[in-house]
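Input: a single structure, listed below in structure tokens.
Since the structure is predicted, the reported quantities are computational estimates derived from the model, not experimental observations.
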Amino acid sequence: MYRYLSRTSCRRQMDLGKVARGNEIVWRNGRARVQSSQAFSYLWDFRLFGSTNNSGTRDAQIQIINALRLGQRNRAHELLVDLSCMSSSSNVEDFDYILEYCARTPDPLFVMEAWKVMVKNEINMKKKSYRCIIQAFSKGGYFKEAFEWITSLEESDHFHACLPLCNIVLRECIYKQSIIDVGRCLELMNNQLMGRSEITYWELLKHYVLQKSLSGVHGLWKDCIKHYNPSIIILRKFIWSFTRLHDLESAYKILQYMVSLVQSSCISLRKSAAGRYQSSHLDIPIPPACKLSDEGFRLKENLPFQTMFNGKSVKEDDGFMAFDISGKAGCSSSSVVDDLLTVGDIADACFVPNTTDDVFSRIHGSEFFGEPKEKGTCSKISSSVAAGIGNQSFKKEKMIEVIDHSTNCLQNNNFDYSIPKEAEFIPVVNVLRWSFNDVIQYCAQSRTWEQAELLFLQMQALGVEPSPHTYDGLIKAVTHGRALAYGLELINSMERRGMKPYNDTIANLSVELSKILELKKAESLLEMISDSHQKYIHPFNAFLVACDIMDEPERAVRMLVKIKCLNIRPNIRTFELLFSLFGNVNAPYERGNWPSHMHAAERIRHIEMGMRRSGVQHSYTSMKNLIRALGMEGMIPEMLQRLEMAEKMLLEMEPHKITDLYNIVLRALVEAGHALIAIEYFQRMRSYGFLIDAATYHIMIECCSLISCFKSALALTSLMLRYGFFPQIMTYTALVKVMLAIDDFEGALDIFNQASSDEITVDVHLFNEILQQAYAKISSKEAEEHTEGLIDVIEIIIEQMHQDKIKPDPSTCTYAFCAYTELDFHSTAVEALRVLSLRMISENDDDLHEKRIRFADLVGNEDPDVESKIVSIFKGGGDEYLAAGLLNLRWCTFMAGHPLSWSPDESVWAQRLSSSYFNRKRNSVHFHS
């Protein structure tokens with residue numbers, strides 16, 4: 001641009017006869033309130049120069065355009081010839097509509113026909129006509145012809161404004177991602193000494209963003225500040241580019257420079273006729289007063305980004321506000337924001353301007369912008385808030401009063417951080433808000449929530465009202481870094497300010513709540529979604545996943561109604577979850593029966609009808625969930641039929657997926673007691689060469705317990721070892737089940753002993769298998785002569801758990817208590833329940849003593865509401881074993897009629913079991929660790 005102006009000045013000095021024409025062009029641009037290098041950046045700016053007043057030619061042009069829209073090119077050509085023969089078509093305005101239509105469509109062939117007619121009629125063309133022709137060529141992909149036109153116009157003596165034309169061609173080259181033509185266009189601009197305007201920089205920024213070239217944007221920035229004093233418009237474009245290329249540091253630095261320009265009140269914007277903001281100063285190359293690239297604006301500074309938020313705000317000699325990023329501040333941003341956000345329990349606390357004053361003072365050691373202000377209303381409010389932070393009894397009503405005062409303070413003219421509030425300054429504030437939004441949105445993408453909060457606080461300090469887009473970025477950022485409760489408070493704050501949250505904001509927050517299983521809050525947010533865009537099926541799917549985990553199909557039904565009301569089409573993931581949620585009726589709480597089978601079949605039929613209506617076919621996951629649901633419900637024939645369908649539909653399944661399907665089927669067959677069918681399908685897997693994993697062997701070893709064949713279990717174990725699968729805890733558990741099925745408790749204890757010798761970490765479930773079978777034998781009265789031996793087995797297992805420091809679970813307590821009760825050892829049953837409950841709470845004596853101090857009153861209190869308080873421990877996400885243990889201890893206390901000891905070692909029963917254990921160990925009977 002700077003070279004172009006110098007050359008144009010020389011030409012006009014050489015030809016004084018062109019001065020009048022130049023003055024006319026300047027007058028027209030001034031009347032249109034558009035600068036020469038900014039004019040006509042888009043097609044609709046062409047209308048700024050007026051339109052024809054001749055109704056006859058206007059109607060003829062409209063007929064030509066209608067013919068072109070209908071594809072009647074021959075008729076359009078005939079009408080164009082007729083238009084050229086009209087006596088009234090003697091000026092360029094009579095072809096404006098045609099040229100604009102050809103440029104917008106584009107139609108480079110017809111625009112050439114129109115140009116030939118204009119040349120034939122000796123009509124003098126204007127800049128507008130040339131721009132329409134060149135835009136038609138460039139939008140149509142005829143870049144070579146467009147370059148030839150620009151070159152010929154540049155060489156003529158009566159046209160010297162080719163930079164806007166090159167900007168048009170450059171924009172289309174970038175839009176079509178024609179890198180070669182972009183290079184040719186830049187080469188033409190350099191050869192013709194056209195320079196660059198802010199529109200050129202913007203088009204090149206889009207090009208580098210598409211190419212993901214951060215170095216190109218940095219180079220463009222250096223070139224811009226070398227020849228220009230950048231306007232707030234182009235600064236915003238650079239911020240946008242840096243955020244898209246993940247350079248948060250450079251975007252932040254330019255944003256702070258933009259803030260300093262806005263506070264200086266030396267800039268202004270206005271709207272063009274097309275409704276776009278434009279800078280009011282001339283688009284001519286005037287370098288900035290300060291050397292931004294060398295002193296205050298080193299975008300390539302090799303410092304951690306976090307130091308920018310720990311530096312000081314300093315005032316340069318030239319009046320430019322910049323940041324000292326030396327990192328000498330002694331206060332971290334996280335601690336500042338944590339102190340700020342602990343004020344009160346509503347999100348508006350972070351909007352208190354006096355609090356932001358304290359924040360920036362603590363971060364930078366001085367006022368954030370401008371000179372330190374005197375103590376006033378804001379300082380008093382700050383003192384009140386600070387007092388509230390340290391005072392736990394600081395009431396919410398008082399905080400609301402402080403916030404109301406601080407909100408008034410934000411609007412006070414004496415608030416030094418604020419920017420001008422004049423009406424003509426509103427466009428500047430809007431552009432500044434958009435720039436803040438760009439950076440905050442990228443903070444949300446990069447999950448740098450602390451920076452997003454600080455930028456939001458700076459907006460409040462400046463008096464820039466946040467928009468819903470601002471809140472959208474902030475909420476997305478803080479939900480990753482802080483807490484979802486904070487995001488919910490921000491939503492409430494928006495509603496108090498009369499703002500409606502974006503559907504994207506609500507959807508994002510709902511997804512995060514669903515991940516932590518906060519179903520009630522997630523459901524309330526999903527009810528707020530009002531858009532029917534297909535992308536909003538994702539938060540509903542996330543909610544269905546949470547409903548499946550928490551086993552709350554009723555909530556899922558309500559959300560399905562919401563999906564239908566919004567007319568959002570379910571995808572395959574939705575149907576996969578529906579099979580998992582509604583594919584069975586009684587499972588896992590009850591065994592399936594004939595009515596539940598009918599109901600489940602009806603549900604599955606409706607789900608598959610929905611799939612057909614939505615044009616969705618079964619996937620591997622949907623078939624797997626369906627087969628699992630049928631197996632859990634006990635619908636074995638239907639399950640096997642679906643397995644056959646899955647094999648035919650998913651012929652190219654990966655081997656591990658086929659194995660997963662067969663494992664689900666085998667597990668369902670074993671649990672339903674169909675051992676022979678399970679053996680048949682296992683042999684089928686081997687004959688077809690399907691992959692067999694460790695889980696398959698474990699299922700089949702457990703299947704041997706149904707046919708009471710330990711020899712087959714050993715054969716499967718040998719086969720498993722042959723294929724490289726080493727025994728795990730599941731292997732020993734399955735073998736123990738087989739031994740218990742043939743009533744060989746001695747063999748089960750031997751297998752248990754072998755697991756200990758192989759250094760296998762056993763869990764409570766293996767112990768419970770033996771306890772359950774022993775109790776079942778005692779309660780069945782089938783082997784009364786072996787009752788004493790079964791009690792010995794139970795006591796050995798309980799003491800082994802204690803020695804291995806394995807906490808009992810409620811099932812352990814149940815089996816031991818019920819076994820003693822069946823034999824009428826009631827006092828021993830109560831004592832065993834007390835000791836096991838204490839061990840279930842904690843195996844550590846110090847921890848148990850601490851629990852006694854906290855919960856002893858709940859155990860001995862006769863208040864009927866105490867049990868609900870104990871249950872609330874479990875509902876509140878506490879320890880499940882703690883709640884069950886406290887309830888057991890409370891019951892034992894009432895049975896004994898007096899408070900019981902909290903020390904398990906004082907129990908005579910526990911001492912007897914310990915003594916018997918060590919005697920057996922010395923004699924090498926049953927167990928040796």
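At distances below 3.5 Å, at least one donor-acceptor pair connects side-chain atoms of S614 with backbone N or O atoms of G610. Distance alone, capped at 3.5 Å, places no donor-acceptor pair between the S705 side chain and the I701 backbone. Under the 3.5 Å distance criterion, the side-chain polar atoms of R667 are left unmatched by any main-chain donor or acceptor of I699. A donor-acceptor contact shorter than 3.5 Å links the side chain of S779 to the backbone of A776. In this structure, the side chain of S915 does not engage the main chain of R912 through any donor-acceptor pair within 3.5 Å. Without hydrogens or angle criteria, E633 side chain to A600 main chain gives no donor-acceptor distance under 3.5 Å.
The closest side-chain donor-acceptor pair between S756 and N753, if any, does not fall under 3.5 angstrom. Under 3.5 Å, the side chains of T812 and N768 contain a donor-acceptor pair of N or O atoms. Inspection of the N625 and S580 side chains reveals no N or O donor paired with an N or O acceptor under 3.5 Å. Looking only at atom types and distance, the side chain of N571 has a donor-acceptor partner in the side chain of T574 under 3.5 Å away. H765 and E769 form no side-chain donor-acceptor contact under 3.5 Å, judged by distance and modelled atom types alone. Inspection of the Q803 and E799 side chains reveals an N or O donor paired with an N or O acceptor under 3.5 Å.
By the 4.5 Å heavy-atom criterion applied to side chains, F543 and L513 are not counted as neighbours. L666 has its side chain within reach of M685: a pair of non-hydrogen atoms, C-beta onward, lies under 4.5 Å apart. Looking at L913 and I796, their side chains never come closer than 4.5 Å, going by heavy atoms from C-beta outward. Counting heavy atoms from C-beta outward, I841 and F855 have side chains that stay 4.5 Å or more apart. Proximity of Q772 to Y775: side-chain heavy atoms (C-beta onward) are nowhere separated by under 4.5 Å. Taking the side chain as every heavy atom from C-beta outward, S916 and Q911 never approach each other to under 4.5 Å. Between L714 and F710, the closest side-chain pair of non-hydrogen atoms falls below 4.5 Å.
Among pairs with a residue in residues 881-892, those fulfilling salt bridge (Lys or Arg N to Asp or Glu O under 4.0 Å) read E867-R890, at least two apart in sequence or across chains. Among pairs with a residue in residues 631-652, none fulfils ring-ring contact (aromatic ring centres under 6.0 Å, His included), at least two apart in sequence or across chains. Residue pairs meeting the ring-ring contact (aromatic ring centres under 6.0 Å, His included) criterion with at least one partner in residues 649-671, sequence neighbours excluded, are Y662-F690. Applying the side-chain hydrogen bond (donor to acceptor under 3.5 Å, both in side chains) test to every pair with at least one member in residues 716-739, sequence neighbours left out, gives these pairs: H698-T731, E702-K737, Y732-D758. For residues 828-838, the set of pairs meeting the salt bridge (Lys or Arg N to Asp or Glu O under 4.0 Å) definition, not counting sequence neighbours, comprises E831-R834.
Of the charged side-chain nitrogens involved, none lies within less than 4.0 Å of a carboxylate oxygen, so that E576 and K624 do not count as a salt-bridged pair. Between E644 and R684, at least one side-chain nitrogen of the basic residue sits less than 4.0 Å from a carboxylate oxygen of the acidic one, meeting the salt-bridge criterion. K520 has no carboxylate O lying under 4.0 Å from a charged side-chain N of E523, or vice versa, which leaves the two without a salt bridge. Looking at E671 and R628, no side-chain N of the basic residue comes within less than 4.0 Å of a carboxylate O on the acidic one, giving no salt bridge.
Partners of F540 under the ring-ring contact (aromatic ring centres under 6.0 Å, His included) rule, at least two apart in sequence or in another chain, do not exist in this structure.
Interatomic distance, CG of D847 versus NE2 of H849, reported as 11.0 Å (0.5 Å rounding). Rounding to the nearest 0.5 angstrom, the gap separating the CD atom in E680 from the NE2 atom in H674 is 12.5 Å.
For the residue pair L833 and C813, the shortest heavy atom distance occurs at CD1-CB, 3.8 Å. Contact detail for K807 and V764: the closest heavy-atom pair is O-CG2, 3.7 Å. Across all their heavy atoms, G673 and L706 have their closest contact at CA-CD1, 4.0 Å.
Between W909 and F825, the distance from one ring center to the other does not fall under 6.0 angstrom.
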